[in-house]
Amino acid sequence: MLVGREAEAGVLEGALEVAAGRISQVVLVGAEAGGGKSRLVSDFTAGVRDRALVLAGGCVVLGAAGLPYAPITAALRELVRERGVDGTTGLLPGGHAGELAALVPELGSLSSGGDPEMARGRLFGLVLVLLEQLAAQQPLVLVIEDLHWADRSTGELLAFLVRNLRQAAVLLVATFRSDELGQAGPMRRLLAELGRLDGVTRLELHRLSRGQVADQMEAILGRPPDPAVATAVYERGGGNP
C-alpha cells in the first residue's frame, strides 16, 4: 500500500490527463536516497498501463562518469522487445534507425564516419520523432530514473526533448536524489533550468510523518505495530518509505 503520497500521485495522474490532450508534460520527482521516488513512480505506471504506453530506463554510473544515453537505450530496448525491430523502425523516416543503431545495434547497421556533432543532432532528432510517433498512437509515459547519475549527453538529450516535445501526448517523469545533486553540479543547474519551462512540475517528496510510518508498517505486517517500535523506526529514518 502506498502511504502518504496521495497528493503526489494525484499530480502524476493530472499530468497524464493533460498530456493525453496533446500538451506534453514533465514531472521531476526528487527525494533523499530511499525517499520513495521509485515506489511512487512504479505504483503510478502500474496503474496507467491500460491507457498509456510506458517506457522506462535509468541512468547508470560507471566510475566517475555516467553511461551515455543509458535511460534512452533501456527504453528503446523495451520498445523493441514489445514491438520488434520492424515495428520500431517503421515509425522512423524511411524506416531506417540511423544513429539509433548506435544505442541498439539490433535496429540496423550504423554508417561510419561523418561529423560527430551532426551525428548527435540526428540522434536527438530521431529520438524526438520516435516519441512523437508513439504518442500519436496512444499516450506515452517515459520514465527516466536516477537523473543525478546522468552524464552530460543524457542531460542534453533530456533538455532537447523537454523543449521540443510540445504538442504530443507525452508525459516525461524523471527521478533524482535531491541530496546527491551537489551545490553547483550540472544536474542541479539542468533541473533549475527545466523547472522554469512551461509544462514542467517539480515534486519534492518529504519524509513520512510518525502516523504515516505506523500506517505503512501496519500494511507490511498485517497488524498495527507496537507504538514504541513505530517510533523507533521513524526516528531512525523510517520517514523515508
Side-chain angles (χ1 to χ4, degrees), residues 16 19-20 22 24-27 38 41-42 44-62 65-147 149-175:
L16 179 57
R22 299 188 62 82
S24 64
Q25 298 291 295
V26 179
V27 180
S38 296
V41 173
S42 65
F44 165 69
T45 55
V48 302
R49 289 183 181 273
D50 60 335
R51 50 195 164 100
L53 171 64
V54 178
L55 298 176
C59 299
V60 179
V61 64
L62 295 176
L67 185 65
Y69 307 123
I72 299 301
T73 299
L76 285 174
R77 290 190 179 281
E78 186 176 358
L79 180 63
V80 171
R81 284 193 297 269
E82 289 189 10
R83 302 198 175 186
V85 171
D86 291 341
T88 302
T89 57
L91 299 170
L92 299 168
H96 300 297
E99 278 68 25
L100 291 181
L103 306 183
V104 184
E106 302 98 288
L107 292 177
S109 58
L110 180 65
S111 58
S112 58
D115 181 81
E117 286 300 314
M118 292 293 291
R120 187 177 71 154
R122 290 193 296 269
L123 172 64
F124 284 21
L126 286 170
V127 173
L128 176 64
V129 168
L130 181 60
L131 297 183
E132 288 176 334
Q133 291 298 315
L134 288 170
Q137 299 175 349
Q138 66 180 127
L140 169 66
V141 178
L142 176 62
V143 178
I144 298 178
E145 291 267 24
D146 298 321
L147 193 60
W149 284 334
D151 69 300
R152 178 178 175 180
S153 297
T154 300
E156 290 175 346
L157 175 55
L158 174 62
F160 173 83
L161 293 176
V162 172
R163 287 188 171 87
N164 289 278
L165 277 171
R166 307 309 302 170
Q167 294 181 323
V170 177
L171 169 59
L172 195 159
V173 180
T175 70

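F160 is listed as a side-chain neighbour of L128, based on a closest heavy-atom distance under 4.5 Å. Taking the side chain as every heavy atom from C-beta outward, H96 and L92 never approach each other to under 4.5 Å. For the pair T154/D151, a side-chain contact is recorded, criterion being any heavy-atom separation below 4.5 Å from C-beta on. Residues L161 and E156 fail the side-chain proximity criterion, which asks for heavy atoms closer than 4.5 Å. Residues P139 and L53 are not in side-chain contact: their nearest non-hydrogen atoms beyond the backbone lie 4.5 Å or more apart.
Shown here are the side chain to side chain contact (heavy atoms under 4.5 Å, CB included) partners of A19, two or more places apart in sequence or in another chain: Q25, L171. Annotation: side chain to side chain contact (heavy atoms under 4.5 Å, CB included) contacts of A159 (sequence neighbours excluded): R163, L190, L194.
Summarising the geometry, atom CD belonging to E132 is positioned 13.0 Å from atom CD belonging to Q137; distances are rounded to the nearest 0.5 Å.
Test V162, V170, V173 against V26 for side-chain contact (heavy atoms from CB on, under 4.5 Å) and you get one pass: V162.
Remark: the backbone N or O of D146 is paired with a side-chain donor or acceptor of T175 at under 3.5 angstrom.
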Next item on the list: Begin from the C-alpha positions of L103 and L123 and carry the test side-chain contact (heavy atoms from CB on, under 4.5 Å) through to its verdict.
Entry: CA-CA 10 Å; L103 306 183; L123 172 64; 4.0 Å; yes
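No more than 12 heavy-atom neighbours from other residues, nucleotides or ligands sit within 6.0 angstrom of CD on Q167.
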Side-chain polar contacts of residues 72-80 - donor-acceptor pairs under 3.5 angstrom, sequence neighbours left out - could you list them?
residue, atom, partner, partner atom, Å
T73, OG1, Y69, O, 3.0
R77, NH1, E106, OE1, 3.2
R77, NH1, E106, OE2, 2.9
E78, OE1, A56, N, 3.1

